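This is a predicted model, so every value here is computed, not measured.
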Amino acid sequence: MLSVADHFFTAGDLQLRDDEREWAAVAQEIGVERDKLLLVRQVHRTDVSVARRGEGTPRERPEADLLLTDDPARAIAVRVADCAPILLADRRTGVVAAIHAGWRGTVAGAAVTGVEALARAFGSRPADLLAAIGPCLGPCCGEVGEEVRDAFRAAGHADAALARWFSPGAAGRPYLDLWTANADQLAQSGIPADQIHVARLCTRTHADVLHSHRAARERAGRMAAVIRTGG
């Protein structure tokens, strides 16, 4: 995706809470002014915010977990600390998306929504999209309650998918594989498998260099997944 859109995932050296100096450094790294680095108020749903070329920037951050843009003067970012950050880039048109997908977003098909939203807003075709899933809670540490698996089943995900996305833990509680669940959803949306790239870095396992809410609870900082269209 480097040849299509500049992007990166930050690590644990930045806290990315309310320190504007850190956000200014992120904006500088991606090549935009601080006020052109767009964020949202993430609410663990699948609401979409679209920043179109030529349109103004809202004063308040919208409630959303997916951001899309075709504007090369702007960059977009989502924040995570165990949830899956997903970046999409269209190699035909250059438009990009940033997606925040925790277990609730994955239940609701945030990755699928991102692909569909790019199609609606900018005419993207799944076969032209490249995807990157950054560091997040891995299947090794993704212990959840049975109610989480029930939520996936109630949302209509097939038993075959649940068998791939959940494994039994030593204590009998299921473990969720966010890596595979989101990669599968992207593939089901039509993105070729060889265009889906997964970091396969568990935030809790590598809590010494990545932020993990599971590991640090309220003390955890946040990592950002940042992307900018090449125009």
Side-chain angles (χ1 to χ4, degrees), residues 1-2 4-53 55-90 94-102 105 110-111 113-115 117-118 121-122 129-137 178 182 186 197-199 201 203 210-213 220-231:
M1 191 148 60
L2 284 171
V4 176
D6 290 337
H7 70 286
F8 57 82
F9 300 94
T10 67
D13 53 331
L14 299 176
Q15 295 295 308
L16 295 182
R17 290 172 174 159
D18 300 319
D19 189 336
E20 276 300 313
R21 293 171 299 179
E22 291 190 338
W23 285 111
V26 172
Q28 182 178 19
E29 183 67 24
I30 200 69
V32 299
E33 297 296 324
R34 169 63 188 94
D35 64 345
K36 300 298 184 181
L37 174 60
L38 306 184
L39 302 168
V40 288
R41 288 189 291 138
Q42 296 169 196
V43 289
H44 294 276
R45 297 197 300 257
T46 58
D47 302 64
V48 179
S49 177
V50 181
R52 297 181 184 276
R53 189 193 305 241
E55 292 184 352
T57 302
R59 286 189 176 185
E60 300 293 330
R61 295 179 188 173
E63 285 191 354
D65 289 271
L66 297 89
L67 294 86
L68 284 60
T69 190
D70 65 342
D71 188 350
R74 293 167 168 167
I76 54 178
V78 292
R79 300 193 311 156
V80 296
D82 285 334
C83 297
I86 305 171
L87 299 177
L88 302 177
D90 187 326
V95 299
V96 294
I99 303 168
H100 164 247
T113 299
V115 173
L118 282 174
F122 301 117
L129 297 180
L130 302 177
I133 301 174
C136 61
L137 197 65
L178 283 175
N182 282 288
L186 291 169
H197 306 279
V198 185
L201 291 172
T203 43
L210 302 171
H211 291 302
S212 170
H213 188 267
R222 295 295 185 269
M223 299 176 298
V226 190
I227 193 166
R228 177 189 182 191
T229 177

*Is there a donor-acceptor pair under 3.5 Å between the side chain of Asp70 and the backbone N or O of Val95?*
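Not at all, since once roles are kept as given, no pair shorter than 3.5 Å links the two residues.
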
*Test item: Arg228 side-chain N/O and Asp6 main-chain N/O as donor-acceptor pair under 3.5 Å*: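 Checking the backbone N and O of Asp6 against the side chain of Arg228, no donor-acceptor pair under 3.5 Å is found.
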
Of all heavy-atom pairs between [X] and [Y], which one has the smallest distance, and what is that distance?
| X | Y | value |
| --- | --- | --- |
| Arg74 | Thr57 | NH2-OG1, 3.0 Å |
| Gly134 | Ala199 | C-CB, 3.9 Å |
| Ile86 | Ala111 | CD1-CB, 4.0 Å |
| Val32 | Ala73 | CG1-O, 3.6 Å |
| Gly114 | Leu88 | C-CD1, 4.1 Å |
| Thr203 | Ser212 | O-CB, 3.5 Å |

Pairing residues for [X] by the side-chain hydrogen bond (donor to acceptor under 3.5 Å, both in side chains) criterion, not counting sequence neighbours:
| X | result |
| --- | --- |
| Glu60 | none |
| Arg52 | none |
| Arg59 | none |

Can you find a heavy atom in the side chain of [X] that is under 4.5 Å from one in the side chain of [Y]?
| X | Y | value |
| --- | --- | --- |
| His213 | Cys83 | no |
| Val226 | Glu29 | no |
| Thr46 | Leu66 | yes |
| Arg61 | Leu39 | yes |
| Leu67 | Val78 | yes |
| Leu129 | Val115 | yes |
| Leu87 | Phe9 | yes |
| Thr229 | Asp71 | no |

Distance (rounded to the nearest 0.5 Å) between [X] [atom1] and [Y] [atom2]:
| X | Y | atom1 | atom2 | answer |
| --- | --- | --- | --- | --- |
| Cys136 | His100 | SG | NE2 | 10.5 Å |
| Ile76 | Leu68 | CD1 | CG | 6.5 Å |
| Ile133 | Leu186 | CD1 | CG | 5.0 Å |
| Glu33 | Gln28 | CD | CD | 9.5 Å |

*What salt bridge (Lys or Arg N to Asp or Glu O under 4.0 Å) pairs are there with at least one residue in residues 78-90, not counting sequence neighbours?*
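Counting only pairs at least two positions apart or across chains, no salt bridge (Lys or Arg N to Asp or Glu O under 4.0 Å) contact touches residues 78-90.
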
*Please, which pairs that meet side-chain hydrogen bond (donor to acceptor under 3.5 Å, both in side chains) have at least one residue in residues 11-20, sequence neighbours excluded?*
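Pairs touching residues 11-20 that pass the test: Asp19-Arg21, Glu20-Arg34.
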
*asked:* The test is side chain to side chain contact (heavy atoms under 4.5 Å, CB included); show your working for Leu16 and Thr10 and say whether it passes.
replied: CA-CA 9 Å; Leu16 295 182; Thr10 67; 3.6 Å; yes

_Pair Trp23-Leu14, side chain to side chain contact (heavy atoms under 4.5 Å, CB included): steps then yes or no_ = CA-CA 9 Å; Trp23 285 111; Leu14 299 176; over 6 Å; no

_Test log, rule side chain to side chain contact (heavy atoms under 4.5 Å, CB included), inputs Thr113 and Asp65_ = CA-CA 10 Å; Thr113 299; Asp65 289 271; over 6 Å; no

*With sequence neighbours excluded, tell me which residues meet ring pair (Phe, Tyr, Trp, His ring centres under 6.0 Å) with His211.*
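Once residues adjacent in sequence are excluded, His211 has no partner under the ring pair (Phe, Tyr, Trp, His ring centres under 6.0 Å) criterion.
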
